[in-house]
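Single-structure report; data block below.
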Protein chains: 2
Amino acid sequence: MQPSLKTLFPNFSTELIATIEENGSAQDFKAGTVLMRTGQYIKNTVLITKGKIKIYREGEDGGEFLMYYLQPGQACAISMICTAKSEKSQIMAKVVEDVSVMMIPLQMMDKWMMEHRSWYEFVIETYRSRFEEVLEVVDNIAFRSMDERLEFYLKRHSDSCGCSEVNLSHQEIATELNTSREVVSRLLKKMEQRGLVKLNRNQIELLKFNH
Amino acid sequence: MQPSLKTLFPNFSTELIATIEENGSAQDFKAGTVLMRTGQYIKNTVLITKGKIKIYREGEDGGEFLMYYLQPGQACAISMICTAKSEKSQIMAKVVEDVSVMMIPLQMMDKWMMEHRSWYEFVIETYRSRFEEVLEVVDNIAFRSMDERLEFYLKRHSDSCGCSEVNLSHQEIATELNTSREVVSRLLKKMEQRGLVKLNRNQIELLKFNH
DNA sequence: AACCTTCTGTGATAAATGTTACTGTAGATT
DNA sequence: AATCTACAGTAACATTTATCACAGAAGGTT
């Protein structure tokens, strides 16, 4: 049994929850599914109730660049922004861990903004926090070198899962940072020598990441 | 005599314009003024009626990184997002050309969102277009090399001023792209050899930028 | 004109990152 | 056990960008 909407979105009013359950459609997607492509028109706003979605930017040459993850209790800011005018998506969204979502038709957006204070606040807060997150991403690529970005990436991962092991191959990390596996391997090895991590197959244990 | 609010913000309703004139305070700032610093609390939303403001991110070492410019008829998205909860600014805002602005106390934000449809739409559209712009910035630093970023930068400049001359020194460009002057000089020289630009002192003429 | 300041050009060199190529290893498959 | 495949390590080299050092040019000031 999954947690209820009320648990996942504690700030939503009771009436709003009821409205969502009435108008939204609950759907499941398997890991690997691409929910949204660059250039596609957006028809729904998405609330995540289970699993994990990766939001990333795709380069012309097919390269990826991770923006952020969406997790239960969160919503896709892009879809909220774009739906207002049924704009094209500027990003890719791919399911990383099997998800359950609430799809909310875009017509509801404007209506609820006016009718439900808690929806309005949620939308604004979603905009704000994502904008902030993207600014942090800009910081990282604009001002920091690869080794710092890698550290930041690992930290973010362990924060999000709450544990100190990151279960990813070097290749996967390289893809999300838009660099090559060799570079990631090299840098991780240096970090291991500095005692920051312990490297296993498909796993990186973070050791001294608490400051 | 400056253009009226009605001209600059054609989508605003007549009542909204009246409300803005009643509650906002018109202010002027000289070029060079820093209107907002990273970490400062935001108390106002800003509508630009004249001039140009640069929104950029500041690195720990003092490096800059241009996000976008604000021009007449536009508003600061960050201030709109943050005001909702009187959050801290994540960016720097510096006046590039003497500006006139309408300062709107943050308390108005939520109120107007509910009362004025045209304000609501303006805010959403502001969010959307800035988010998009920032995503494009991410693209540039994540996927492109310096020469492409420089071309993009010049193009954006000439688009914004409507002319084909960019009146900036190499040093200024370097600062905004967070690189060094020498790199900019070298790349510009190559572009000149390719016939893309003509270089003068404090000025770059764009030649073949129309495709 | 003589001087000064800012801007521009360019070579030499260093550092970071990307690329190629190859080796070894762990775990899965047969 | 033999084999296969994905993952990881690493050396050598190429490319890009950053840094240092210096020279010359443009324009303003005296």
Nucleotide dA8(D), atom C1' - distance to CD1 of I204(A) in whole Å:
11 Å

Please give, in whole Å, the distance from dA26(C) C1' to Q171(A) CD?
18 Å

Output yes when at least one side-chain N/O atom of T179(B) is less than 4.0 Å from OP1 or OP2 of dA18(D), else no.
yes

Would you mind telling me which of dA16(C), dT10(C), dG9(D) lies closest to the side-chain atoms of S145(A)?
dA16(C)

For atom NZ of K190(B) and atom P of dG9(C), their distance in whole Å
14 Å

Rounded to whole Å, CG of L188(A) lies from P of dT17(C) at a distance of 14 Å

Less than 3.5 Å between a donor and an acceptor, one on the side chain of R201(B) and one on the base of dT6(C), is that the case here?
yes

Need to verify one output field. Residue with the more 5' nearest nucleotide on DNA chain D, E192(A) or R186(A)?
E192(A)

In whole angstroms, how far is the C1' atom of dA6(D) from the CD atom of Q203(A)?
17 Å

Considering only heavy side-chain atoms of S185(A), the closest of dA12(C), dT17(C), dG9(D) is dG9(D)

Would you mind reading off the distance between I141(B) atom CD1 and dT17(C) atom P, rounded to a whole angstrom?
14 Å

Considering every strand and a 4.0 Å limit on heavy-atom distances, what is the contact class for S169(B): base, sugar-phosphate, or nothing?
sugar-phosphate

Can you find a donor-acceptor pair, distance only, under 3.5 Å between R149(B) side chain and dT16(D) base?
no

Side-chain ion pair, R186(A) and E182(A), N-O less than 4.0 Å:
no

If only atom types and distance count, is the side chain of N167(B) paired as donor or acceptor with the main-chain N or O of Q203(B) below 3.5 Å?
no

With heavy atoms under 4.0 Å as the rule, sort D147(A) into base, sugar-phosphate or nothing.
nothing

At less than 4.0 Å, is any side-chain N or O atom of H170(A) found next to OP1 or OP2 of dG9(D)? Yes or no.
yes

Length of the CD-P vector between E172(B) and dC7(C), whole Å
7 Å

A quick test of your reading: do over 12 heavy atoms of other residues, nucleotides or ligands sit less than 6.0 Å from NZ of K6(B)?
yes

So does R181(A) reach the base of dG18(C) with its side chain, donor to acceptor, closer than 3.5 Å?
no

Modelled atom types, side-chain donor and acceptor of S100(A) and D28(A), under 3.5 Å:
yes

Atom CE of M146(B) and atom P of dT15(D) are separated, to the nearest Å, by 20 Å

Before accepting this row, confirm whether a basic side-chain N of the pair E58(B)/R37(B) lies closer than 4.0 Å to the acidic partner's carboxylate O.
no

